[in-house]
Amino acid sequence: MKPVVLAGGTGSRLWPKSRAALPKQFLSLTSDSTMLQDTITRLKGTDAASPIFICNDAHRFLVAEQLRQKDIHHGGILLEPVGRNTAPAIALAALHATINGEDPILLVLAADHLIKDEPAFHTAITKAEVLAKQGKLVTFGIVPDQPHTGYGYIKAGSGLEGGFEVAEFVEKPELQTAKEYVESGSYYWNSGMFMFKASRYLDELEKYNPEMLDVCKRAIDTEAPDLDFIRVDHDIFATCPDDSIDYAVMEKTDSAAMVPLDAQWSDVGSWTSLWETSAKDENGNVCVGDTILENTKNSYVNAEQRLVSVIGLEDIIVVETKDAVMVAHKDDAQSIKKVVNKLKAEHRPEFEFHREVFRPWGSYDSIDSGARFQVKRITVKPGEKLSVQMHHHRAEHWIVVSGSANVTIDEETQLVTENESVYIPIGAVHALENPGKIPLELIEVQSGAYLGEDDIVRFSDRYGRIPDSKK
């Protein structure tokens with residue numbers, strides 16, 4: 001059994017924690033590990049092989065770093081040149097998995113789900129594997145514990161060994177319809193998790209959407225390694241139809257089966273659902289970080305950097321980050337997406353980035369800025385190096401706080417250690433490397449007429465980002 005982990009998406013309803021450059025699957029929201037890491041570690045005890053990951057180009061280093069942190073060995077990190085929904089993404093994974101003549105059973109998982117009861121999950125996987133070996137395309141139906149209008153539903157048909165045939169898939173219902181579904185006992189939430197032989201999925205895709213399969217085949221024929229990653233041709237894949245696996249295959253195939261899953265599952269689709277699944281105090285509150293609550297009930301308060309105090313409120317959500325604070329009523333948490341859309345339309349940086357931005361070499365935190373200056377705290381991981389670059393509009397002053405740095409300015413390289421500094425003039429070709437065994441921490445003071453991240457000309461880069469315009 002080979003897991004296929006879909007690690008795309010932006011998780012906009014969990015803003016301001018989840019952002020385009022660091023979406024929820026890469027955050028620690030439900031445990032000390034990230035949701036991506038938990039997706040794999042909860043498979044321990046099953047017969048799972050090294051998983052295939054699918055993500056977009058912008059998140060590739062996040063995936064690789066989070067797997068490295070947990071010593072997770074992967075079977076390939078496939079990069080989608082453009083987002084084309086789940087059906088083409090899974091097709092790429094299935095084609096990649098069969099490229100050497102193998103035909104593994106694929107367990108398709110989202111990277112951002114919560115499953116608390118792991119033994120129950122393992123039992124459901126075992127049942128699904130039996131059906132998958134019989135040629136079924138299996139989906140996991142969540143046993144509903146309440147009427148929910150935010151999920152699609154699956155109606156169970158005739159009984160099978162360990163599961164049911166799928167009678168029909170239905171769209172997200174109105175509340176009264178959802179109540180009728182739950183009361184009937186025949187409907188399950190659509191989890192978006194699947195299991196099938198790679199060849200069976202490709203056969204059904206050819207039957208119901210041959211154009212999509214043709215594009216994916218031509219794209220996978222171009223696959224080429226790039227560091228830890230596997231790239232396919234952008235122009236070919238961009239012509240692929242944009243469809244979900246449900247619409248492209250599962251709703252049409254006569255081989256669909258469902259295995260019920262009752263394992264305290266959640267897609268953690270909003271702050272309200274995160275409150276619902278978290279441990280609460282005697283007042284029904286969930287508190288994360290430095291918080292003080294008085295006369296407050298049934299609320300979720302998440303403080304990242306500062307003390308957050310909430311007084312005399314009920315059923316609210318407060319989330320504080322380094323550069324944004326969000327306050328919402330629990331019943332209106334879905335409207336956060338409207339705020340995110342406004343941020344995007346206004347080209348606000350809070351849509352895409354946190355104040356602290358992660359790069360393959362480490363991270364930088366924009367501490368302060370003003371007219372003609374910007375101050376950053378830069379962290380470089382041991383052995384890593386920023387690209388060789390220059391700036392047309394800004395000079396930089398680096399002050400080493402801890403660790404040591406090899407600094408190259410034009411043709412000269414020098415070692416700069418704690419409490420020492422160096423100046424990089426406008427137009428100088430320069431590079432920064434951490435030659436030590438501990439993280440390098442430094443303060444960067446930029447000055448100049450233009451301080452945007454796109455004022456970077458790269459000459460060489462060990463991470464293959466020469467076409468990119470960001471540091």
Side-chain angles (χ1 to χ4, degrees), residues 21-22 57-66 68-69 79 225-229 231 349 352-369 372-471:
L22 191 67
D57 188 78
H59 298 151
R60 66 193 189 280
F61 291 111
L62 286 170
V63 173
E65 172 62 16
Q66 293 197 357
R68 185 198 64 79
Q69 290 172 358
L79 304 183
D226 175 14
L227 301 177
D228 283 331
F229 316 110
R231 293 185 180 274
E352 185 170 4
F353 295 106
H354 284 269
R355 203 183 77 179
E356 183 175 11
V357 178
F358 292 91
R359 295 291 188 230
W361 44 260
S363 65
Y364 66 84
D365 188 352
S366 299
I367 300 171
D368 196 9
S369 63
R372 298 183 65 87
F373 83 91
Q374 183 167 220
V375 182
K376 293 181 177 180
R377 185 178 70 243
I378 295 178
T379 303
V380 184
K381 294 182 289 189
E384 300 300 332
K385 180 181 180 179
L386 282 67
S387 59
V388 179
Q389 58 186 252
M390 62 87 71
H391 313 293
H392 289 295
H393 304 288
R394 73 176 185 246
E396 296 176 340
H397 197 137
W398 294 342
I399 304 99
V400 175
V401 177
S402 65
S404 57
N406 273 336
V407 178
T408 301
I409 303 174
D410 290 327
E411 301 300 323
E412 181 183 348
T413 299
Q414 58 183 301
L415 184 67
V416 184
T417 59
E418 292 183 14
N419 299 319
E420 295 181 342
S421 63
V422 65
Y423 174 72
I424 300 99
I426 292 176
V429 177
H430 60 281
L432 173 67
E433 182 176 12
N434 179 1
K437 298 188 180 299
I438 64 172
L440 164 63
E441 302 277 351
L442 61 85
I443 300 298
E444 176 182 271
V445 181
Q446 303 176 357
S447 59
Y450 179 73
L451 305 173
E453 284 300 307
D454 55 352
D455 180 24
I456 296 177
V457 179
R458 285 200 176 97
F459 299 97
S460 66
D461 179 59
R462 64 173 56 173
Y463 310 108
R465 299 170 301 155
I466 294 297
D468 199 334
S469 63
K470 296 180 181 179
K471 183 177 246 177

*Asks:* Could you state the interatomic distance from CG (Asp461) to NZ (Lys385), rounded to the nearest 0.5 Å?
*Replies:* 10.0 Å
*Asks:* Quick one: pull up CG in Leu386 and OH in Tyr364 and give me the separation to the nearest 0.5 Å.
*Replies:* 10.5 Å
*Asks:* Check the pair Arg231 / Asp57 against side-chain contact (heavy atoms from CB on, under 4.5 Å), numbers first and verdict last.
*Replies:* CA-CA 9 Å; Arg231 293 185 180 274; Asp57 188 78; 2.6 Å; yes
*Asks:* To the nearest 0.5 Å, how far apart are CD in Glu356 and CD1 in Ile367?
*Replies:* 10.0 Å
*Asks:* Check this for me: does any side-chain nitrogen of one of Asp228 and Arg60 sit under 4.0 Å from a carboxylate oxygen of the other?
*Replies:* no
*Asks:* Apply side-chain contact (heavy atoms from CB on, under 4.5 Å) to residues Arg372 and Ser447 and explain how you reach the verdict.
*Replies:* CA-CA 5 Å; Arg372 298 183 65 87; Ser447 59; 6.0 Å; no
*Asks:* Can you confirm whether or not the ring centre of Phe61 sits under 6.0 Å from the ring centre of Phe229?
*Replies:* yes
*Asks:* Hey, are the side chains of Ile443 and Arg377 touching, using non-hydrogen atoms and a 4.5 Å cut-off?
*Replies:* yes
*Asks:* Measure across His393 and Asp455 and return the closest heavy-atom pair with its distance rounded to 0.1 Å.
*Replies:* N-OD2, 3.0 Å
*Asks:* Would you mind reporting whether Ile456 and Arg394 have side-chain heavy atoms less than 4.5 Å apart?
*Replies:* yes
*Asks:* How close do Asn434 and Ser404 get, counting heavy atoms only, and between which atoms?
*Replies:* OD1-O, 3.5 Å
*Asks:* Hey, what do you get for CH2 (Trp361) to CD (Glu65), rounding to the nearest 0.5 Å?
*Replies:* 13.0 Å
*Asks:* Is a side-chain donor or acceptor of His430 paired with a backbone partner of Gln389 at a separation under 3.5 angstrom?
*Replies:* yes
*Asks:* Please determine, by modelled atom types, if Glu444 and Gln446 share a side-chain donor-acceptor pair under 3.5 angstrom.
*Replies:* yes
*Asks:* What are the two closest heavy atoms between Asp410 and Thr408, and how far apart are they?
*Replies:* O-CG2, 3.5 Å
*Asks:* To the nearest 0.5 Å, what is the distance between CG on Leu440 and CD on Glu433?
*Replies:* 10.5 Å
*Asks:* I need the minimum non-hydrogen distance between His392 and Ile426, along with the two atoms involved.
*Replies:* O-CG2, 3.3 Å
*Asks:* With Glu441 as reference, evaluate Thr379, Val400, Ile399 under the side-chain contact (heavy atoms from CB on, under 4.5 Å) test and give the passing residue.
*Replies:* Thr379
*Asks:* OG/Ser421 to CG/Leu442 distance, rounded to the nearest 0.5 angstrom?
*Replies:* 11.0 Å
*Asks:* Compare every heavy atom of Ser363 with every heavy atom of Phe358, then report the nearest pair and how far apart it is.
*Replies:* CD2-CB, 3.9 Å
*Asks:* Give me the atom names and distance for the closest heavy-atom approach of Val407 to Trp398.
*Replies:* CG1-CZ3, 3.7 Å
